[in-house]
Structures are given as C-alpha cells and as structure tokens.
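Here is the naming used below: chain letters follow the sequence lines, and residue numbers restart at 1 for every chain.
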Amino acid sequence: MRPDDRQYLPSHEWVKIDAQIATIGITDFAVNELCSGNEGDLVYCDLPELGRLVGAGETFGEIESVKAVSDLNSPVAGEIIEVNPEIEDHLEILSDDPWNRGWLIKIKVSGESSTSLVDLAAYEELVAEKE
Amino acid sequence: METWRQITTWGAPPEFNMGLDGALLEDVDAPPTLRFYTWTPAALSLGYFQRFDDVPAASDAFVVVRRVTGGGAIHHANELTFSITASAKHSLFQGPIPRSYERIHELIAQALSRFGCDPAMRGDSELSSDISDTGMCFHHSTSLDLAWGGRKGVGSAQRRRKERVLHHGSIKLGPSQYDTGVAELEGSTDPAELARVIAEVFRESAKIQLTAGVPSPSERESAALLGQKSLDPDFIKRR
C-alpha cells in the first residue's frame, strides 16, 4: 500500500514535506524497476554532501543496479540538510521499507516544488499504465 | 518500421568515443541512435562507480577513461563496441532494467549466432571467465550476460536519465591483455562485418531501419567537452 501523505514524481521519487523540511525517497515501483525483486542487484547509491543546493527536478544522487546507473531527482528546491547514513551500506532497506527507513535525503525547502509532482491517485494511474 | 540513425566511427580516440556517447545521452531531442565503434589507441574504461584501486589494470593501461555507464572495467582492444541511445520510453528500455538487458541481448545473440557461436544468457551456469578481484567486466558475470563456450562474451552496461537511456556493449573479436580467458568470435571477424549483421538483426527482428548519419554540430560540441571529462584525472580517480 503506497502512502497518501506525500507527493510523487513521474520519475518515481516521493516527497513528504513537514514544516518546510522535505523528506525524499524512491517508490516501491522504482525499486522494482531497478532490480525486479532481486535486491542483491542494488550495488551502490551516491548521495549528496550536506549543504549542497539543489533545484526542483535536478539530480541529487545516483544509484547503480544491474550495471545500470540511474539518476535520483529532487522534487523540491533547497539545501540538503541530512542524508540517510544507513543507505550506502544497506541498500536492502530500499526494498524492505522504501517509505520510512528507506528515505534518502532531507531538504530545507527554499523555493518552488517541481510542477511534475502528483498526488497518490495520479501516481497510481501513472504506474498502472506502465504495469 | 522505425527509423534510427546509425553512426559508425572506426579507430576514434577514447575521449571522442566516450564524449559522443555522453552527448547522445544528454541531448533529449537527438534521434534514437545505434553507434558502432573501435578505439585507437586501445583504452581501458572504468565503470562509473568503480574505485580506481579496485582495478589493477587501470594502473598499467596506456590510456584510461571513465564511462558514465555502470558495471566493471573493459579493455577496448580487438573488439566491436556499440551503444544504443534512445528515449527512456522506447520499448527496448521500458520496464524493469533486467528486462531491458534481455531484449537487447536477444538481438545481439541473434547476430552473434550468425558467426558460428551459440550465445545464451548465462542463467545459473558457472563461467570459467569469472575471475575474482580484477575489476574487469568480462571477469564478473550476471545471469543476464551473454556467454558461449562457458565464457562471458558480451560486456553490457547502462546509464539512465529521466528522459533518455544509454546502453553500452562490447564484443571481443580477439585477445586483450587484461580481458583474459573470455569468449571471442571465432575466426578473424571484421568489426564492420559484425556491425553490418547487428544492424541487419535490428531491422529484421526489432523492426528498426538504420540510416547512416553523423553527429550534429551541437552533439560534436557537447562530445568534445564530455570527452575531456572522461579523461580528466580527477574524474578517473574520483573514487
């Protein structure tokens, strides 16, 4: 069950904003696209340094799976204030719990959000078209 | 029948090869493109996330570049290299990444089988070409890799952006000092002949008609910048 307390990008990142702090991760659909259920295929995730500024829609990191490097895109603009310290050594968290323990970064929001963000219902429709 | 652009560049410098593939990935308006190329001089390419020190051959090779695609290192000598760049929405690239490799490998396997070998995805079988601690792509196989004679025969990797995907492939046509013990096409296969047959399979099986083309002026400009980055010591030793 995908949570309805956040917004989604068509590139399969999610964002949950609370008091101008955006928590960002990737969806279960994204994880399946990356590794088709074989979490051992996820080999590396490169997350940004603290203090870096990102724009809405810009790449904030990269993840490698099955010899494919994929971009991670930010749904909001702002400053990176926290990265999940568990992810790099425990990529299986992304499969096990993409919505909570699998968060990737936190951003102090300081600008517009991506105009591509959609709510859960629209995201479910988008994913259904791909399945 | 779709129409794609085919760009063929024999014996180009390593930085041109990497730069042009990068340019084809970045230009979201570029037509879908199948590239065939060889390298002069021979060069070793590191995977995007590889540590330089995890690849012993990188300290020994004459020229080293870093790719934007993942996977392990490849010594580009006596091989045909190809790249496929198209929209992320193209049927070759849609869906889970493993399925994308399967679709492309099915086409490449068809082409290779016309040269007398019997390529198939490795599955659960063991390969004699798997060698620990070299960091070389051909010495580390996955279930989706194409192999024949118990050895890995095609190196593959991808880079995925929001709107576009780049797929890299390498097929050995002869020995390489670092990619030892891997499958090669038998006989003295000419890279141009192998490229011709791959293009034929794309037309027959994927319904993709290839039209000979060249990089646009903006692609050349972008390729020059990205090519320099692929050679930049800071980029090569970033990890």
Side-chain angles (χ1 to χ4, degrees), chain A residues 8-13 24 26-49 54-75 87-89 91 94-95 114-118 126-131, chain B residues 22 25-26 28 45-51 54 66-74 84 88-89 91-102 104-105 121 124 136-138 140-146 152 154-170 238-239:
Chain A
Y8 298 84
L9 279 179
S11 51
H12 310 295
E13 290 85 3
I24 294 162
I26 60 174
T27 69
D28 60 331
F29 185 86
V31 175
N32 189 57
E33 293 270 290
L34 286 167
C35 63
S36 283
N38 185 3
E39 64 190 30
D41 283 344
L42 294 167
V43 293
Y44 193 77
C45 183
D46 191 30
L47 296 175
E49 291 179 1
V54 292
E58 281 185 9
T59 298
F60 67 81
E62 293 147 333
I63 188 164
E64 177 164 342
S65 175
V66 208
K67 300 180 289 183
V69 177
S70 301
D71 289 350
L72 300 167
N73 306 295
S74 178
I87 292 296
E88 187 170 339
D89 293 329
L91 286 165
L94 294 174
S95 299
S114 168
T115 54
S116 300
L117 279 170
V118 296
L126 189 150
V127 166
E129 287 171 14
K130 292 174 180 279
E131 286 174 333
Chain B
L25 174 67
E26 291 204 345
V28 296
S45 72
L46 295 170
Y48 186 75
F49 276 131
Q50 280 194 295
R51 290 183 195 282
D54 287 346
R66 191 181 281 279
R67 303 190 307 271
V68 294
T69 50
I74 291 183
I84 303 168
K89 293 177 181 170
S91 56
L92 277 179
F93 293 137
Q94 273 186 342
I97 294 171
R99 301 293 82 74
S100 171
Y101 281 107
E102 285 174 3
I104 292 167
H105 285 173
M121 279 176 264
D124 294 329
M136 303 300 291
C137 169
F138 277 87
H140 175 78
S141 65
T142 72
S143 61
L144 299 173
D145 279 322
L146 283 176
K152 180 169 171 176
V154 179
S156 307
Q158 292 187 354
R159 177 69 186 225
R160 292 181 163 250
R161 293 258 158 87
K162 250 184 298 189
E163 298 182 352
R164 213 159 157 88
V165 178
L166 164 67
H167 178 102
H168 267 151
S170 292
R238 73 189 187 104
R239 285 175 48 80

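Atom CD of Glu102(B) has more than 12 heavy atoms from other residues, nucleotides or ligands within 6.0 Å. Within 6.0 Å of the NE2 atom in His140(B), the count of heavy atoms belonging to other residues, nucleotides or ligands does not exceed 12.
Within the 4.5 Å cutoff, the side chain of Val66(A) has no heavy atoms near those of the Gln158(B) side chain. Proximity of Phe49(B) to Val43(A): side-chain heavy atoms (C-beta onward) are nowhere separated by under 4.5 Å. By the 4.5 Å heavy-atom criterion applied to side chains, Arg159(B) and Glu62(A) are counted as neighbours. Using a 4.5 Å heavy-atom threshold, the side chains of Lys67(A) and Asp145(B) count as touching. Contact check for Leu34(A) versus Pro96(B): no side-chain heavy atoms found under the 4.5 Å cut-off.
The candidate from Gly72(B), Gly95(B), Ser100(B) with the greatest count of non-hydrogen atom pairs under 4.5 Å with chain A is Gly95(B). Among Asp71(A), Val69(A), Leu9(A), Asp41(A), the residue with the largest count of heavy-atom pairs under 4.5 Å with chain B is Val69(A). The candidate from Asn32(A), Thr59(A), Asn73(A) with the greatest count of non-hydrogen atom pairs under 4.5 Å with chain B is Asn73(A).
If you measure heavy-atom distances from Thr142(B) to chain A, the contacts under 4.5 Å come from the side chain alone. Neither the backbone nor the side chain of Leu72(A) comes within less than 4.5 Å of any heavy atom in chain B. Heavy atoms closer than 4.5 Å to chain A are found nowhere in Val165(B), neither backbone nor side chain. Only the side chain of Leu144(B) comes within less than 4.5 Å of a heavy atom of chain A; its backbone N, CA, C and O stay farther away. Contacts between Arg67(B) and chain A at a heavy-atom distance below 4.5 Å are absent for every atom of the residue.
Remark: Glu13(A) pairs with no residue by the salt bridge (charged side-chain N to carboxylate O under 4.0 Å, His left out) rule, at least two apart or across chains.
The structure places SG of Cys35(A) at 8.5 Å from CD1 of Ile97(B), a figure rounded to the nearest 0.5 Å. Between the CZ atom in Arg239(B) and the OH atom in Tyr44(A) there is a gap of 3.5 Å [rounded to 0.5 Å].
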Q) Is there a salt bridge (charged side-chain N to carboxylate O under 4.0 Å, His left out) between Glu58(A) and Lys162(B) once you walk through the steps? A) CA-CA 10 Å; Glu58(A) 281 185 9; Lys162(B) 250 184 298 189; over 6 Å; no
